[in-house]
Amino acid sequence: MTDTQWPVWEVFVQANPGIPHKHAGNVHAADAEMAMQNARDVYTRRSEGISIWVVPANAISASSPEDQGSFFEPSNDKPYRHPTFYKIPEGVKYL
Amino acid sequence: MEDEKKLAAFEAKIAAGNKIEPKDWMPEAYRKQLIRMMSQHAHSEIVGMLPEGNWITRAPNLRRKAILLAKVQDEAGHGLYLYSATETLGIDRTELLEQLHTGKAKYSSIFNYPTLTWADIGAIGWLVDGAAIMNQTALARGSYGPYSRAMVRICKEESFHNRQGYEIMMHLAQGTPEQKAMAQDALNRWWWPSIMMLGPSDDQSPNSEQLMRWKVKMESNDAIRQRFIDRTVPQADFIGLSIPDKDLKFDEASGHYEHGPINWEEFFEVIKGNGPCNAKRLKARSDADKKGRWVRDAAMAYAEKKKLKAA
């Protein structure tokens, strides 16, 4: 058996109530419980968080930088999705 | 042809101040140099736990012991961030550790010196962490995203290390004549290795124009060393300790301290493996790895068994 140093888990930390969890880094751990404890010790030694998510790194699918252009292209030619696209006469309120 | 286009895009991205992320295209030389630098940095954090760990059981009081424990735990954390960041370049931790244990990868020369007295713990925090901060704040501006983010985080934590070290030195310097002598002795032994750890002088280490352009290296070794000396000398003066360099003088015109010649022969000997503690440090690391192997295997086997039971 090769020495695996354990699988990698990506760590997401919520710093304060009401805001999203943010990627903090990763840890090696044998299972989720250990990943959670390691994440606490590695990423929240100074009260940086109130909640932690750990996710097996191989469970994450990511977009690839090469496809960046074409992948996000559909939204680039639709400026009408932004409120600034519309001209509203001065004097009209609450719009 | 294709690569030339990719290289131009890569360089333009860096010139524009953007970070390079793990899945982005990068030149092989960039990847290799970063793996070398970042793993060396990770190894230094982990090996650096040894000289300080040596004093945890002998700290003079509970306050100092708790602080030293927290500091050594931070160093372990720094090693972990850096191994993680290095793994994003497509190498795994098992291989990185193997490179350390076989001597293929280096770690900072400074950790091959012994910690003989309690004052050495003060000197390490003040000088070694002080020098490391100078280097790391420069690296935080580097182009590789994961490394740069790890540096930002590490720099925040290092400042406690630096201050607790200075506080130890200050208390000793204000204590009995024996305590003050102990602080001075630690400064005498750690000063030169600390300024050497910032790397060979610029004429011996030509910073390739390429590494600077790629923002792998941000500043020359001598520039960082000068900043460290300029900031540290007044700190020593303040607590009445003297820097062990008879040629040290302040140059009004440049606003910088001029230092005496550095014994580079000693530096290169330590790098080559002939420092006072090289063999001991490597053995401690590789023993820890070997002795911990069954724990890693058992934890993995247990996790797999639990998974089977749940299924």
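Proteins come first, then strands; the chains are lettered A, B, ... in the order of their sequence lines, and each starts at number 1.
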Q: Output, in order, the C-alpha distance, side-chain angles, deciding distance and verdict of ring pair (Phe, Tyr, Trp, His ring centres under 6.0 Å) for B:H43 and B:Y83.
A: CA-CA 8 Å; B:H43 298 326; B:Y83 283 124; 5.5 Å; yes
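Annotation: the span from B:I124 atom CD1 to B:E52 atom CD amounts to 5.0 Å, rounded to 0.5 Å.
Using cut-offs of 30° and 60° on the angle between ring planes, the pair B:Y147 and B:H41 is perpendicular.
The aromatic ring centres of A:Y86 and A:Y80 sit 6.0 Å or more apart.
Considering only heavy-atom pairs separated by less than 4.5 Å from chain A, the leading option among B:E87, B:K156, B:R153 is B:R153. In terms of non-hydrogen atom pairs under 4.5 Å with chain A, the most contact-rich of B:A70, B:A299, B:P146, B:A76 is B:A299. Ranked by heavy-atom pairs under 4.5 Å with chain B, the list A:G25, A:A30, A:A62 is led by A:A30.
Closest approach of B:L7 and B:P27 over heavy atoms only: CD1-CG, 3.6 Å.
Contact annotation for A:A32: neither backbone nor side-chain heavy atoms come within less than 4.5 Å of a heavy atom of chain B. Contacts of B:E157 with chain A are made by both backbone and side-chain atoms, with heavy-atom separations under 4.5 Å. Contacts of B:R149 with chain A are absent, with no heavy-atom separation under 4.5 Å from either backbone or side chain. When heavy atoms are compared at a cutoff of 4.5 Å, B:D74 approaches chain A by way of both its backbone and its side chain. Of the atoms belonging to A:E10, not a single heavy atom falls under 4.5 Å from chain B.
Put simply, the side chain of A:D31 reaches to within 4.5 Å of the side chain of B:K306, judged on heavy atoms.
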